[in-house]
Number of protein chains: 2
Amino acid sequence: MARKPDPGTRDRILDAACRLFDERGVRAVGMQQIIDAGGCGKNLLYREFPSKDELVVAWLERCSQGWPQLLEEAERRAPGDPAEQLATVIGLAVEGISGPGFRGCALRNAHAEFPDPEHPAHRFVVEHYGQRRADLCALAERAGADDPEALADRLSLILDGASANGAILGPTGAAPTATAFARAVIASATEA
Amino acid sequence: MARKPDPGTRDRILDAACRLFDERGVRAVGMQQIIDAGGCGKNLLYREFPSKDELVVAWLERCSQGWPQLLEEAERRAPGDPAEQLATVIGLAVEGISGPGFRGCALRNAHAEFPDPEHPAHRFVVEHYGQRRADLCALAERAGADDPEALADRLSLILDGASANGAILGPTGAAPTATAFARAVIASATEA
DNA sequence: GTCTATACTAGGATAGAC
DNA sequence: GTCTATCCTAGTATAGAC
């Protein structure tokens, strides 16, 4: 009797790929390594992801989901308080940075690995950062900021700075100070 | 008659390598491409740089010289005014970001490409960022900041944030706002 | 039918020999 | 500057287990 196709195959492959891409970077990981780590055959991998580029984009899509999840968690922790939500978003993001093996924002890293603006991975990252900016802007506006775009930009700088600095200098660098910094900036931008 | 060894050989090779590494990233560039671009033979390249890793570190060393040059230029523009020097450093750095082909801090990009903490390129980047922090700290102290380390950390976040955000979103992102942001932070941290 | 495993192509990598 | 050795890459095709 014919076996049914395993619906979890795609996720299982993606799990293995994500872990390797996160740890070592994209170019340093070969398809064979993903096969070895994921416990699936080459045939199956190429059925689910016809090319490495598509696998990379699927990985980035998964990474990018952390951002809306962050927004939701902030909403849950400070319902009806957009200013506090902004501070919570930064705080939660900084928490994720404190780990010893933190390598920086995976999307930013992928962007660095694929400089070609036409590359699907590159385009995906640009689009995600544009979306993130719009989200911060909307939240800043609801928080009653005088200049929502200006506040969103400043928080973007803090966020991206914490990610980059934390990747290199770790918890002993500037990253842990980002939360208090963001709070001060938010307070200053939303005071009557 | 034997030709004299060209003393500019090393620089010429390094010029070609730097341009390629800057444009495409390290892993995307092969030694043969550097040979083709630099107009030198393979044996000459490997005489000057016995391995690709050493060539990469030489590239990073050259990149890292931009930082002390920035400090010197700021000193030249605002002699005897450390607070203004801090602002100038950020301003000059942001200027370099505004170009359309900006790919982000080369050191940060290299750090992302070589996650292994033992890799010479990785170690070099960590050391450079540590040095940068110390420099900012010293300047913040001379500027009379209440908490020089805190100011240095905040400026580090703005600097790294501008670099990362500018690489992805370019001049239409948050990077151009970094200079005014830094000025506000410096003013707030150094007022009597 | 579904999957793993292997062989294979065509090319590019670092590095070294000459 | 050329030529070679060794290895790894993405991707395709095939063989065979269940």
Side-chain angles (χ1 to χ4, degrees), chain A residues 1-21 23-60 110 112-116 118-122, chain B residues 1-6 8-10 12-60 109-110 112-116 118-122:
Chain A
M1 184 171 170
R3 286 159 60 189
K4 274 192 284 188
D6 184 353
T9 297
R10 191 185 165 89
D11 280 337
R12 191 157 39 87
I13 296 170
L14 201 47
D15 285 343
C18 286
R19 195 168 40 77
L20 288 168
F21 288 157
E23 283 176 11
R24 309 184 202 173
V26 176
R27 300 198 94 111
V29 174
M31 295 299 260
Q32 187 59 51
Q33 291 175 271
I34 295 166
I35 288 159
D36 294 343
C40 79
K42 203 167 210 175
N43 224 340
L44 202 48
L45 193 161
Y46 277 99
R47 190 193 68 189
E48 296 293 330
F49 304 96
S51 75
K52 188 179 181 181
D53 282 353
E54 299 193 38
L55 182 56
V56 171
V57 170
W59 165 59
L60 293 176
E113 280 198 282
F114 298 99
D116 179 5
E118 301 305 314
H119 192 284
H122 187 104
Chain B
M1 184 172 173
R3 284 160 60 189
K4 274 191 284 186
D6 185 351
T9 298
R10 191 184 166 89
R12 192 156 38 86
I13 296 171
L14 201 47
D15 285 343
C18 286
R19 195 167 41 77
L20 288 168
F21 288 157
D22 279 333
E23 284 176 10
R24 308 183 202 172
V26 176
R27 299 198 95 109
V29 174
M31 296 297 262
Q32 188 58 51
Q33 293 175 269
I34 294 166
I35 288 160
D36 294 343
C40 79
K42 197 169 223 177
N43 52 359
L44 207 48
L45 193 162
Y46 277 100
R47 190 193 68 191
E48 296 293 332
F49 304 96
S51 74
K52 187 178 181 181
D53 282 353
E54 300 193 36
L55 183 55
V56 171
V57 170
W59 165 59
L60 293 176
N109 288 345
E113 279 198 284
F114 298 100
D116 179 5
E118 300 305 314
H119 192 284
H122 188 104

Rounded to whole Å, how long is the line connecting atom [atom1] of [X] with atom [atom2] of [N]?
X	N	atom1	atom2	result
A/E54	D/dA10	CD	C1'	13 Å
B/R47	D/dG1	CZ	P	13 Å
B/I35	D/dC3	CD1	P	14 Å

List the atom pairs, donor and acceptor, that lie under 3.5 Å between side-chain atoms in residues 12-19 of chain A and the rest of the protein, sequence neighbours left out.
unit_1	atom_1	unit_2	atom_2	d
A/R12	NH1	A/G38	O	3.3
A/R12	NH1	A/G39	O	3.3
A/D15	OD1	A/R62	NH1	2.6
A/D15	OD1	A/R62	NH2	3.2

Scan for ring pair (Phe, Tyr, Trp, His ring centres under 6.0 Å) pairs involving residues 17-38 of chain B, sequence neighbours excluded, and state none if there are none.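 Those involving residues 17-38 of chain B are B/F21-B/W59.
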Contacts of type side chain to side chain donor-acceptor pair (under 3.5 Å), residue A/D11, not counting sequence neighbours: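 So A/D11 forms no side chain to side chain donor-acceptor pair (under 3.5 Å) with any residue.
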Sequence neighbours left out, what passes side chain to side chain donor-acceptor pair (under 3.5 Å) with A/D116? Give chain and number order.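 Applying side chain to side chain donor-acceptor pair (under 3.5 Å) to A/D116 gives none.
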Name all pairs fulfilling the side chain to side chain donor-acceptor pair (under 3.5 Å) condition that reach into residues 32-44 of chain A, sequence neighbours left out, sorted by first residue then second.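 Non-adjacent pairs meeting side chain to side chain donor-acceptor pair (under 3.5 Å): A/Q32-A/D36.
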For nucleotides 6-18 of chain C, read 5' to 3', which letter fits each nucleotide if B means a protein heavy atom sits under 4.0 Å from the base, S means only the sugar-phosphate is that close, and - means neither? BB-----SSBB--
